[in-house]
Amino acid sequence: MRTDRTFTMLKPDSVEKGNIGAIVDKINAAGFRIVAMKLTQMTTQDAQEFYAVHSERPFYGELVSYMTRGPVVAAILEKENAVADFRTLIGATNPADAAEGTIRKLYAASMGENAVHGSDSDENAAIEGAFHFSGREMF
Ligand code: IDP
Ligand code: MG
């Protein structure tokens with residue numbers, strides 16, 4: 001299992017607010033190489049599958065609606081220690097708890113609409129990257 005890649009989505013609120021460029025700048029400035037990137041819209045079935053781990057949580061329906069209401073920027077990022085370093089860069093799930101300078105502190109509106117996704121393990125990074133990209137789309 002490789003440990004130098006993570007998967008991210010700039011969520012629909014980031015696309016709607018015109019924050020793609022600013023967030024990609026933060027990602028580049030933090031030393032991540034972009035391996036794959038595209039604008040794509042998840043279907044309800046896609047979002048239900050992507051977030052299946054949360055299917056019993058009270059916010060699952062809200063989460064699926066949010067993540068399917070418009071396009072996301074999906075990307076695979078490469079850097080040593082990618083998963084943990086990217087989680088540090090994005091900050092806590094709730095932007096109110098996120099550290100100063102983190103992407104969620106800067107660009108997230110709330111716990112529900114929190115601007116970005118970041119994989120939580122090397123295993124999930126591989127699964128989530130393969131969910132969105134074919135081998136021919138990775139560089
Ligand atoms: P993470 O994105 O920081 O890993 P998770 O706990 O895995 O956070 O939750 C996945 C996503 O579900 C969050 O990023 C957020 O969009 C949404 N979410 C999590 N907790 C809540 C909540 O209490 N209310 C509404 N949405 C939530
Ligand atoms: Mg998570």
Side-chain angles (χ1 to χ4, degrees):
M1 179 66 58
R2 59 191 303 165
T3 61
D4 61 344
R5 287 188 176 181
T6 191
F7 173 79
T8 185
M9 287 184 284
L10 313 192
K11 296 182 176 183
D13 53 322
S14 294
V15 178
E16 289 159 8
K17 292 173 181 171
N19 287 336
I20 295 172
I23 295 172
V24 172
D25 276 349
K26 295 278 292 178
I27 291 170
N28 282 328
F32 291 89
R33 185 179 80 82
I34 295 170
V35 173
M37 179 171 271
K38 67 182 170 191
L39 200 59
T40 182
Q41 185 159 359
M42 287 195 288
T43 65
T44 296
Q45 194 182 329
D46 288 336
Q48 286 172 338
E49 188 180 333
F50 189 90
Y51 284 110
V53 66
H54 295 304
S55 63
E56 303 303 319
R57 308 285 286 280
F59 59 81
Y60 183 61
E62 181 191 330
L63 175 59
V64 169
S65 301
Y66 161 51
M67 291 301 297
T68 57
R69 78 180 187 210
V72 301
V73 175
I76 298 172
L77 306 173
E78 191 171 273
K79 180 184 184 297
E80 195 180 311
N81 202 31
V83 165
D85 285 3
F86 193 70
R87 295 289 302 201
T88 300
L89 179 66
I90 68 178
T93 306
N94 186 345
D97 301 329
E100 288 302 326
T102 60
I103 291 172
R104 282 171 167 165
K105 186 68 169 188
L106 289 166
Y107 301 111
S110 66
M111 179 97 154
E113 300 205 4
N114 61 0
V116 280
H117 168 81
S119 303
D120 63 6
S121 67
D122 293 330
E123 183 185 11
N124 284 334
I127 291 168
E128 292 170 2
F131 186 90
H132 281 275
F133 294 100
S134 71
R136 280 182 290 120
E137 297 176 296
M138 298 178 195
F139 302 91

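On a predicted model such as this, the values are computed, not experimentally measured, just so you know. Hydrogens, waters and symmetry mates play no part in the numbers below; they use all other heavy atoms, side chains included. Index from 1, following the sequence. Counting starts at 1 for both ligands and their atoms, in listed order.
For ligand 1, none of its N or O atoms has an N or O atom of L63 under 3.5 Å away. Between T93 and ligand 1, an N or O atom pair is found at a separation short of 3.5 Å.
The CZ atom of F131 sits 9.5 Å away from the CD atom of E128 when rounded to the nearest 0.5 Å. Separation of atoms CE (M67) and CD (E113) is listed at 10.5 Å; rounding is to 0.5 Å.
Using a 4.0 Å heavy-atom cutoff, M9 is absent from the residues neighbouring ligand 1. Not a single heavy atom of D120 sits under 4.0 Å from any atom of ligand 1.
Atom 26 (N) of ligand 1 has G112 CA, 3.5 Å as its closest protein atom, hydrogens excluded (heavy atom only). The protein heavy atom nearest to atom 14 (O) of ligand 1 is N114 ND2, 2.8 Å. For atom 15 (C) of ligand 1, the closest heavy atom belonging to the protein is M111 O, 3.3 Å. Shortest contact from atom 24 (N) of ligand 1 to any protein heavy atom: F59 CB, 3.7 Å.
At a threshold of 4.5 Å between non-hydrogen side-chain atoms, the residues V24 and L10 count as touching.
Counting heavy-atom neighbours within 6.0 Å of E16 CD, excluding the residue itself, gives a total above 12.
Set against the non-hydrogen atoms of E62, the atoms of ligand 1 under 4.0 Å away are 25 (C). Interface of K11 with ligand 1, defined as ligand atoms under 4.0 Å from a residue heavy atom, comprises 13 (C), 14 (O), 16 (O). Close contacts of ligand 1 with R104, meaning ligand atoms under 4.0 Å from a residue heavy atom, involve 1 (P), 2 (O), 3 (O), 14 (O).
Looking at D4 and R2, a side-chain N of the basic residue comes within less than 4.0 Å of a carboxylate O on the acidic one, giving a salt bridge.
A donor-acceptor pair under 3.5 Å is absent between the side-chain atoms of S119 and the main chain of T6, judged by distance alone. Under the 3.5 Å distance criterion, the side-chain polar atoms of E137 are matched with a main-chain donor or acceptor of S134.
When all heavy atoms of T40 and H132 are compared, the closest pair comes out as CG2-ND1, 4.0 Å.
Nearest to atom 10 (C) of ligand 1 by heavy atom, out of H117, M67, H54, R87, is H54.
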